[in-house]
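Here is the structure we will look at.
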Amino acid sequence: MTRDDVLAALHRNILETLPDLEADELLPERNLEELGATSLDRLDILFGLQEELGVRFPVESLSPNRGLASLADLLSDSSEPR
Amino acid sequence: MNSIDTRARAVVVSAAVLHSAAETLKEYDEFLRAGRSALVAGCPDPRSAEEIPSSNLNGFDVRQWAERHLADAEDARRRLRRAAARATLPVRTAACVAMAAVRAARLTPRERANLILLVAGNNLSLAHHAAAVLEYNRDVRTVRARHLLDCLDTDTVGAVSEAVGAHAEGWTVGSASASGTTALIQGVRLIEAGFTEHCLVVAPATDLSPVEIAALRLSGALAAVGDATPEAACRPFDADRSGFAYGCGAAAVVLEAPREHSRAHAPAPLGYVLGHGQYLDGRRGTAPDVEGQCTAMRLALASARLAPENIDYVNAHGTGSVLGDEVESRALHTVFGDSESPWTNSTKGLIGHCLSAAGLLEAVATLLQLNGGYCHASPWLRRPVRPGPRFTGREPALLPLRTAMSNSFAFSGINSSVVLGRATGKKHS
């Protein structure tokens with residue numbers, strides 16, 4: 001699983017969870033808080049990612065104020081097989 | 001009858017509907033005028049091979065609805081999608097009709113913020129509940145945090161208030177199949193009591209799970225397709241009726257306090273709520289009661305200060321159920337008598353029984369018929385259950401109408417009736 005796989009999955013799960021967003025709004029430096037995700041939304045994005053990628057992430061890994069590119073870096077480092 | 005609008009308890013400023021038969025008031029009006037059934041054969045209980053006549057909104061998509069109805073309103077589209085696109089079917093449908101009704105009411109941002117929001121119905125998303133439990137049984141990891149919202153009827157309050165910007169107060173009004181009518185009545189009362197100038201009443205589509213469908217089937221309440229075509233299988237007030245057709249639809253209305261001078265930019269009103277009556281049979285169960293139904297209708301007439309002969313048209317509860325239609329036809333006969341009885345039909349024969357949304361979809365149908373001067377046809381009514389009520393037949397009745405009654409009689413002995421008045425063509429004064 002490469003960092004790009006993680007970023008693509010992150011984008012897909014954000015768009016599914018926040019249906020008012022368009023793909024071109026998911027700029028690398030924007031964070032989940034700016035995109036309008038609530039804490040419940042972040043949990044659903046995280047669980048969706050875990051299911052899609054077949055790995056587990058620490059529950060605090062989807063920080064609301066970290067940019068998407070930086071989140072993808074963090075997630076690809078912190079994943080553990082389940 | 002010239003003074004009718006001064007008697008209005010509330011003005012119906014605008015309305016919206018959502019059903020497989022119609023997505024706009026114009027389409028709903030045309031559909032009712034045509035008087036054809038929108039029912040199709042469906043199988044909402046996957047364990048049963050037997051098809052039932054029904055209407056559904058399977059796969060209803062907020063994004064696509066917004067593209068069709070909010071093409072010129074980017075901000076409204078985005079708010080609607082944010083608030084509801086991922087929610088359960090009841091919430092999705094409610095947010096769309098609420099958005100359409102509020103936009104049509106042409107409220108200022110301040111008036112929108114001061115809207116009181118009433119959501120009609122209870123146990124709205126039983127299909128979601130059942131699916132979530134089945135998934136959980138299969139794999140506990142399928143649980144989603146958003147279930148916390150999806151499992152509550154009040155998710156509709158949150159989503160609708162976000163979509164339309166309503167802040168005053170919001171709650172659900174649950175009375176099973178009478179919910180649409182009782183919620184309308186509660187909205188009218190809040191206006192009558194002076195709590196608010198504007199009230200948004202929203203009836204989401206009810207989404208039953210296969211378990212409720214199976215139980216309704218077992219109880220003998222559902223019409224069977226059998227040898228008939230699905231559109232002919234639900235026959236309110238016909239001697240050969242076999243049960244009700246499960247319908248799926250949503251509606252919303254914006255109510256306004258009657259006032260001397262209409263506000264700036266107000267649209268021409270759709271009509272008036274003139275009176276309302278509610279009565280409990282005072283017993284548990286599903287059996288309807290002539291006495292209770294008569295009392296609700298008479299209370300509504302008294303509240304409208306009208307006599308039975310002043311009512312031109314009755315939109316009956318008329319589900320097509322074997323016992324229910326028999327009881328209601330006796331109640332109608334008792335209240336309205338033999339001579340000069342009002343034209344009567346049941347919209348459930350055309351759109352199915354939309355359960356907790358039925359009362360509001362039918363109130364809107366009633367206003368459209370009042371304004372259009374017609375009582376829609378009852379296409380499959382050949383031999384009326386009893387002489388007395390003047391049911392429409394295969395053709396609509398065309399005549400000037402002023403006043404109408406709309407009935408909703410639910411399980412648990414909950415009876416409610418409203419008296420509605422035609423829009424007078426001018427801005428209300």
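Throughout, a chain's letter reflects where its sequence line sits, starting with A, and its residues are numbered from 1.
With sequence neighbours excluded, the residues satisfying side chain to side chain donor-acceptor pair (under 3.5 Å) with Asp5(A) are Thr2(A). Not counting sequence neighbours, the partners of Ser356(B) by the side chain to side chain contact (heavy atoms under 4.5 Å, CB included) test are Leu124(B), Ser179(B), Thr206(B). Partners of Ala94(B) under the side chain to side chain contact (heavy atoms under 4.5 Å, CB included) rule, at least two apart in sequence or in another chain, are Thr156(B), Val160(B), Val202(B), Pro204(B).
The CZ atom of Arg86(B) sits 7.0 Å away from the CG atom of Leu18(A) when rounded to the nearest 0.5 Å. Atom CG of residue Leu149(B) and atom OG1 of residue Thr38(A) lie 7.5 Å apart, to the nearest 0.5 angstrom. Note: Arg141(B) CZ to Arg56(A) CZ = 10.0 Å, rounded to the nearest 0.5 Å.
More than 12 heavy atoms of other residues, nucleotides or ligands sit less than 6.0 Å from atom CZ of Arg68(B). Within 6.0 Å of CD in Glu16(A) there are 12 or fewer heavy atoms belonging to other residues, nucleotides or ligands.
Contacts between Leu80(B) and chain A at a heavy-atom distance below 4.5 Å are absent for every atom of the residue. Interface residue Arg63(B): only side-chain heavy atoms are found under 4.5 Å from chain A.
Nearest heavy atom pair, residue Ala145(B) against residue Asp44(A), reads N-OD1, 2.9 Å.
Ranked by heavy-atom pairs under 4.5 Å with chain B, the list Asp20(A), Thr17(A), Leu21(A), Asp41(A) is led by Asp20(A).
Chain B is approached within less than 4.5 Å, heavy atom to heavy atom, by Glu25(A), Leu35(A), Gly36(A) from residues 25-36 of chain A, ordered by number.
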